[in-house]
Protein chains: 2
Amino acid sequence: MNEEQNIFHKYLEKHDLRDTPQRELILQIFLRREGHISAEQLYDIVKKRDPSIGQATVYRVLKLLIEAGLAREIDFGDGVIRYEHKYNHPHHDHLVCRGCGKTLEVVDSVIEELQKRVAESYGFELTDHEMYLYGYCENCRQKRQ
Amino acid sequence: MNEEQNIFHKYLEKHDLRDTPQRELILQIFLRREGHISAEQLYDIVKKRDPSIGQATVYRVLKLLIEAGLAREIDFGDGVIRYEHKYNHPHHDHLVCRGCGKTLEVVDSVIEELQKRVAESYGFELTDHEMYLYGYCENCRQKRQ
DNA sequence: ATTGTAATTGATAATCATTATCATTAGCAA
DNA sequence: TTGCTAATGATAATGATTATCAATTACAAT
Ligand SMILES: [Mn+2]
Ligand SMILES: [Mn+2]
Ligand SMILES: [Zn+2]
Ligand SMILES: [Zn+2]
């Protein structure tokens, strides 16, 4: 049993939630996938293993994973929320190609520090932030010419 | 006739679009309001002046304003797109209070420069970005204790 | 093992901002 | 005026997500 599973089971126990095969299956599949996945994409994979699972359950489990600290929401502004691993996957921002949609995870400690300073200069205590950098990747730039 | 109106009329002419009282009214009301406004909020104000206007038209005019370079979309992630003035209102980011929802417009030239560098270090040519800083304002911090 | 109870599930309806459709109306150039 | 399109308003549709609810199930206590 890996660490994430452990955290999930502890979370269930602590909140009087029950350990069901649906929750286990959805957890497994989420953990195996790296990257950013939408509820629908996850549901499509889950269905293959157990066609009787409803998509409402996928949404419900994703909420649990967030509360348990195992998942984090990403909003690229296209109307679909995606989810990524949070455990052992520290904060980062995203660089997104407007041509092909490719995303890279980036972090710059100087920017992070300056964000805190900017907030403080307005009397704010910064809790978190979102930063999306949009542009064209090398591939897409070459194709454009 | 102010500069924004001029730009709007030029845009209409250039694209074989017609000058209608609905477009004029919605433009006027948008221009008078500073800050961030949703389509529904704008529609509520428009209705008071002309109850016969449909909300679809408000959505349509907002699209035109964006294409004409007079408006810009803001997405605070709450499921509602807001609009702000773009003309004579250069790029900036937003500092948002998680307590009271107050927003401040901020810009830090060092951050802007570093964003470009980060993107370039991955072979990207940066076109634009979004940055939202979330935290608690001074008021809300005092109330919390 | 059985039971009781409250949590969970899947199907389905509802939500809600935004977009599409379409018949009617109205700019505007000739 | 007229004719050609664009524009409008009412309404339906969309699509991701959430709510509802009857039936099922986990699980702790017997
Ligand atoms: Mn990521
Ligand atoms: Mn702003
Ligand atoms: Zn690309
Ligand atoms: Zn506040």
Side-chain angles (χ1 to χ4, degrees), chain A residues 5 8-30 36-68 71-83, chain B residues 5 8-30 36-68 71-83:
Chain A
Q5 284 176 294
F8 188 63
H9 291 143
K10 289 263 177 61
Y11 182 85
L12 293 182
E13 200 169 349
K14 188 172 178 179
H15 293 79
D16 276 313
L17 302 173
R18 290 169 185 176
D19 192 8
T20 69
Q22 292 92 335
R23 284 175 176 169
E24 291 294 341
L25 178 59
I26 295 167
L27 171 67
Q28 301 310 329
I29 292 175
F30 173 76
H36 312 118
I37 191 171
S38 67
E40 196 184 343
Q41 289 174 316
L42 183 55
Y43 175 53
D44 285 341
I45 300 168
V46 166
K47 254 192 312 194
K48 289 179 190 160
R49 289 252 219 121
D50 183 348
S52 73
I53 290 187
Q55 71 179 150
T57 300
V58 172
Y59 277 100
R60 288 188 281 235
V61 174
L62 282 168
K63 279 213 150 44
L64 287 183
L65 294 181
I66 289 170
E67 287 159 20
R72 179 195 288 136
E73 292 185 343
I74 310 286
D75 182 359
F76 288 118
D78 63 350
V80 184
I81 293 171
R82 280 162 234 277
Y83 302 84
Chain B
Q5 285 176 293
F8 188 64
H9 291 142
K10 290 263 176 64
Y11 182 85
L12 293 181
E13 201 168 348
K14 187 171 179 179
H15 293 79
D16 276 314
L17 302 173
R18 290 168 184 176
D19 192 8
T20 68
Q22 291 93 336
R23 285 175 175 169
E24 291 295 338
L25 177 60
I26 294 166
L27 171 67
Q28 302 310 329
I29 291 174
F30 174 76
H36 312 118
I37 191 171
S38 68
E40 195 182 344
Q41 288 174 317
L42 182 55
Y43 175 54
D44 285 341
I45 301 168
V46 165
K47 255 192 311 193
K48 288 180 190 158
R49 289 254 217 117
D50 182 348
S52 73
I53 289 186
Q55 73 179 147
T57 300
V58 172
Y59 277 100
R60 289 188 280 238
V61 174
L62 281 169
K63 278 213 151 43
L64 287 182
L65 295 180
I66 288 170
E67 288 160 17
R72 178 195 289 135
E73 292 184 344
I74 310 286
D75 182 359
F76 288 118
D78 62 351
V80 184
I81 293 170
R82 279 162 235 276
Y83 301 85

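Here is how names work: the chains are called A, B, and so on, in the same order as the sequence lines, proteins then strands, and each is numbered from 1.
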- line: DNA chain D: first to last nucleotide in contact with chain A (atom under 4.0 angstrom from a heavy atom), 5' to 3', is D:dA16 to D:dC27
message: Please give me the minimum heavy-atom distance between A:Ala71 and A:Phe30, naming the atom from each residue.
response: CB-CZ, 3.7 Å
task: For residues A:Asp50 and A:Ser52, report the shortest heavy-atom separation together with the two atoms involved.
output: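 Nearest pair, atom of A:Asp50 first, then A:Ser52: OD1-OG, 2.6 Å.
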field: Proximity to the side chain of A:Thr57 - top-ranked nucleotide from C:dT9, C:dC28, C:dT8
entry: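 So the nucleotide nearest the side chain must be C:dT9.
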- prompt: Want to settle it: does B:Glu40 or A:Tyr43 sit nearer the 5' end of DNA chain C, counting the closest nucleotide to each?
  reply: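 In this pair, the answer is A:Tyr43.
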Measuring to OP1 and OP2 of [N], would you say a side-chain N or O of [X] lies under 4.0 angstrom away?
| X | N | answer |
| --- | --- | --- |
| B:Tyr59 | C:dT19 | no |
| A:Arg23 | C:dT8 | yes |
| B:Lys63 | C:dT19 | yes |

Could you tell me the separation between the [atom1] atom of [X] and the [atom2] atom of [N], rounded to a whole number of Å?
| X | N | atom1 | atom2 | result |
| --- | --- | --- | --- | --- |
| B:Gln22 | C:dA26 | CD | C1' | 9 Å |
| A:Asp19 | C:dT8 | CG | C1' | 12 Å |
| B:Leu62 | C:dT18 | CG | P | 10 Å |

message: What residues from residues 46-54 of chain B pass a heavy-atom cutoff of under 4.0 Å to DNA chain D?
response: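 Those residues are B:Ser52, B:Ile53, B:Gly54.
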message: Quick check: on DNA chain D, is the nucleotide nearest A:Thr20 upstream (toward 5') of the one nearest B:Leu17, or the reverse? Name the residue that is more 5'.
response: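 The residue whose closest nucleotide sits nearer the 5' end is B:Leu17.
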- request: Using the side chain to side chain contact (heavy atoms under 4.5 Å, CB included) rule, take A:Arg60 and A:Arg23 through it: C-alpha gap first, then chi angles, then the decisive distance, then the call.
  value: CA-CA 9 Å; A:Arg60 288 188 281 235; A:Arg23 284 175 176 169; over 6 Å; no
task: Verify the distance criterion only: is there a donor paired with an acceptor across the side chains of B:Glu73 and B:His36 at less than 3.5 Å?
output: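 No, no side-chain donor-acceptor pair sits under 3.5 Å.
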- prompt: How is B:Arg60 classified with respect to the nucleic acid when contacts are heavy atoms under 4.0 Å: base, sugar-phosphate, or nothing?
  reply: base
Expected output: side-chain A:Gln41 to main-chain A:Ser38 donor-acceptor under 3.5 Å: yes
